[in-house]
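Quick note on labels: first sequence line is chain A, next is B, and so on, each numbered from 1.
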Number of protein chains: 2
Amino acid sequence: MSSTHITVADVSGRFYPSFHSPLSMTRTRTLGDPAPETARDAVADGLESASVVTVFGRCEVDYEGRATSYLGPGDRMVVCKPDGTLLVHTNEQRTPVNWQPPGCEHAASLRNGSLALTSVRENPDERVEIGFQRVDAVVVYGMEDVEELELSGTEEDLRQRILDKPELIEDGFTPEETEYATDAGAADIVGTDTDGVRTVVELKRRRVGPTAAGQLRRYVDALERAGTEDVRGILVAPSITEGARTVLEEEGLGFVSLEP
Amino acid sequence: MSSTHITVADVSGRFYPSFHSPLSMTRTRTLGDPAPETARDAVADGLESASVVTVFGRCEVDYEGRATSYLGPGDRMVVCKPDGTLLVHTNEQRTPVNWQPPGCEHAASLRNGSLALTSVRENPDERVEIGFQRVDAVVVYGMEDVEELELSGTEEDLRQRILDKPELIEDGFTPEETEYATDAGAADIVGTDTDGVRTVVELKRRRVGPTAAGQLRRYVDALERAGTEDVRGILVAPSITEGARTVLEEEGLGFVSLEP
DNA sequence: ACATGCATTTCGCAT
DNA sequence: ATGCGAAGTGCATGT
């Protein structure tokens, strides 16, 4: 639009070295209310430089792939990550209203004089097209991030605790295999009880419903089909729903309450 | 930091009316490399004004709730939505590295002279603490968005097609109930086949594994437990895995290939 | 509030 | 590439 916008963009768009790590490639460019051409160029440069590009503006979104969707005009926040991830966020919800998983090709262009973003991937063939009616801001952010998330309280942690202390399941329980492959998937823990009876343990880190009970049943059945005569099944979770209890009882399966 | 930064922030931080809809409350404020106090104030104002607040900077993240996590220092993009959603995005992946679902309380403060964000909720008690070592940019974006996503190709669409044309399942199939409640959950479609035999249909919009076969089995079993003598089960999906086929065969269940 | 299942689930891991 | 299940799953819907 007017050259004023470009001037503002040039003022607010800056390069500077990282404050705490002098060798960092971190750099930030901020454009306020850019003209379409300015926005297109900034986005294209950002995509090329492996930066995270965020566009704030009013847009429409078309999606076609595993499903199909159309989103009418509204203010959104659009994020393109250098790994090929696309996010379209509205002003509510944790889940993006439209998105593309990592591995996509992103491109910026001008369509009828307005900024347009395209994200495509194959396998499956999927395409997201975003047409902007207005661009309020663009941030091109060259990020450095080497840290991994340290997460605890997972099902894996629960399993480790049981392997360290099998009596948490019941006295005399001896774990023998983890991730034991059956016809119907992998059972979390398989071992023997105090009487030497083969016992399948299914772990859940939170309260469970009928699905988990059915899953345990599948493994017990698979072991029986595979030739083991007597097989017990124990579901381990903090708690279970009434529906889960029904399935367990009908199938003669057990439940042990255990927090992750 | 230096007053230069504050000046830059003031230049790039602007308010303006929406370009295309004059009555819109849309407004955007962009700060580049703000001093901690400036950032804190902008974030606090944004949270108060029901805007989407996005902070680009180097930070650490602590989470405690259903699980526990720590994320060491790195460049991230942090989004606070007016519905209480929090997103912490790295430069890769579709899923935020840390987050908080809608309904949280967000607050901005200064900790040791640096910007800090806190997000808390109850039921379950969960808390995310973000400590910034550097703030590269802040965008406060007052969004207007009334459009709903129009999505097609869902399981619901597949069900409607079958109800309109039951012979897609097999000749003589007559749907009688949808979302039919059983002990073990709700069955998608229940009807009778050409011989009047009660038939449960489980729908999936994409290729399925053993889980879906087990789910169908649960419903068939529940109907039999509930008194129906002979019950058939049919899994409807574009395709199934070998593991799913095994379960279906062992349980005498059928499969019909159908695309959504 | 709880139960239940879908989701353009995403993601990681094993085959 | 496909199969399989976990996830701090999120989310809508029904009770």
Can you tell me if B/Gln133 and B/Ser114 form a side-chain donor-acceptor pair at under 3.5 Å?
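Looking only at side-chain atoms, B/Ser114 and B/Gln133 do not form any donor-acceptor pair under 3.5 Å.
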
Between the side chains of A/Thr192 and A/Glu176, is a donor N or O closer than 3.5 angstrom to an acceptor N or O?
yes

With hydrogens left out and only the distance checked, is there a donor-acceptor pair under 3.5 Å joining B/Gln100's side chain and the base of D/dG8?
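Side chain to base: pair present.
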
Closest to the [X] side chain, choosing from [options]:
X: A/Arg206; options: D/dT9, D/dG5, D/dG10; result: D/dT9
X: B/Pro102; options: D/dA6, D/dC4, D/dC11; result: D/dC11
X: B/Pro210; options: D/dA7, D/dC4, D/dG10; result: D/dC4

So what stems show up for DNA chain C if we need 3 or more Watson-Crick or G-U pairs in a row, all under 3.5 Å?
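Stems for DNA chain C, defined as runs of 3 or more consecutive pairs: C:1-7 with D:9-15, C:9-15 with D:1-7.
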
Give [X] one of three labels, base, sugar-phosphate or nothing, depending on what nucleic acid heavy atoms sit under 4.0 Å from its own.
X: B/Arg207; result: sugar-phosphate
X: B/Gly65; result: nothing
X: A/Ala187; result: nothing
X: A/Gly243; result: sugar-phosphate
X: B/Glu126; result: base
X: B/Arg218; result: sugar-phosphate
X: A/Thr154; result: sugar-phosphate
X: B/Pro124; result: nothing
X: A/Thr68; result: nothing
X: B/Glu202; result: sugar-phosphate

Carefully, step by step, assess B/Asp188 and B/Thr178 under the rule side chain to side chain donor-acceptor pair (under 3.5 Å).
CA-CA 5 Å; B/Asp188 284 332; B/Thr178 66; over 6 Å; no

Looking at [Y] and [X], is any side-chain nitrogen of the basic one under 4.0 Å from a carboxylate oxygen of the acidic one?
X: A/Arg232; Y: A/Glu170; answer: yes
X: B/Arg121; Y: B/Glu105; answer: no
X: B/Arg159; Y: B/Glu179; answer: yes
X: B/Arg225; Y: B/Asp221; answer: no
X: A/Glu60; Y: A/Arg76; answer: no

Whole-Å distance between [N] [atom2] and [X] [atom1]?
X: A/His89; N: D/dG10; atom1: NE2; atom2: C1'; result: 12 Å
X: B/Asp83; N: D/dG10; atom1: CG; atom2: P; result: 13 Å
X: B/Asn98; N: D/dG8; atom1: CG; atom2: P; result: 10 Å
X: A/Leu151; N: D/dG8; atom1: CG; atom2: P; result: 5 Å
X: A/Leu216; N: D/dC4; atom1: CG; atom2: C1'; result: 17 Å
X: A/Leu149; N: D/dA7; atom1: CG; atom2: P; result: 13 Å
X: A/Leu87; N: D/dG10; atom1: CG; atom2: C1'; result: 15 Å
X: B/Glu148; N: D/dC11; atom1: CD; atom2: C1'; result: 14 Å

Between [M] and [N], how far apart are the [atom1] atoms? Round to whole Å, please.
N: C/dT4; M: C/dT8; atom1: P; answer: 23 Å
N: D/dA6; M: D/dG10; atom1: C1'; answer: 14 Å
N: C/dC11; M: D/dC11; atom1: P; answer: 15 Å

Identify, between A/Asn123 and A/Gly185, the residue whose nearest nucleotide on DNA chain D lies closer to the 5' end.
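Its nearest nucleotide being more 5', the pick is A/Asn123.
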
On DNA chain C, which is the earliest and which the latest nucleotide, 5' to 3', with an atom closer than 4.0 Å to a heavy atom of chain B?
C/dT4 to C/dG12

If you measure from CG on A/Leu168 to CZ on A/Phe173, what distance do you get to the nearest 0.5 Å?
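One gets 11.0 Å once the value is rounded to the nearest 0.5 Å.
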
Under 4.0 Å between a side-chain N/O of [X] and OP1 or OP2 of [N], yes or no?
X: A/Gln93; N: D/dA12; result: yes
X: B/Arg121; N: D/dG8; result: no
X: B/Trp99; N: D/dT9; result: no
X: A/Tyr219; N: D/dC4; result: no

Most 5' of A/Ser69 and A/Val208 on DNA chain C, judged by nearest nucleotide
A/Val208

I'd like to know whether B/Arg245 forms a salt bridge (Lys or Arg N to Asp or Glu O under 4.0 Å) with B/Glu250, so could you lay out the CA-CA distance, the side-chain angles of the two residues, the decisive distance to 0.1 Å, and finally the verdict.
CA-CA 9 Å; B/Arg245 189 173 296 279; B/Glu250 291 294 332; over 6 Å; no

Measure from NZ or CZ of B/Arg198 to the centre of the six-membered ring of B/Tyr180, then state whether that distance is under 6.0 Å and the direction lies within 45° of the axis.
yes

Heavy atoms, side chains only, cut-off 4.5 Å: are B/Val135 and B/Val55 in contact?
yes

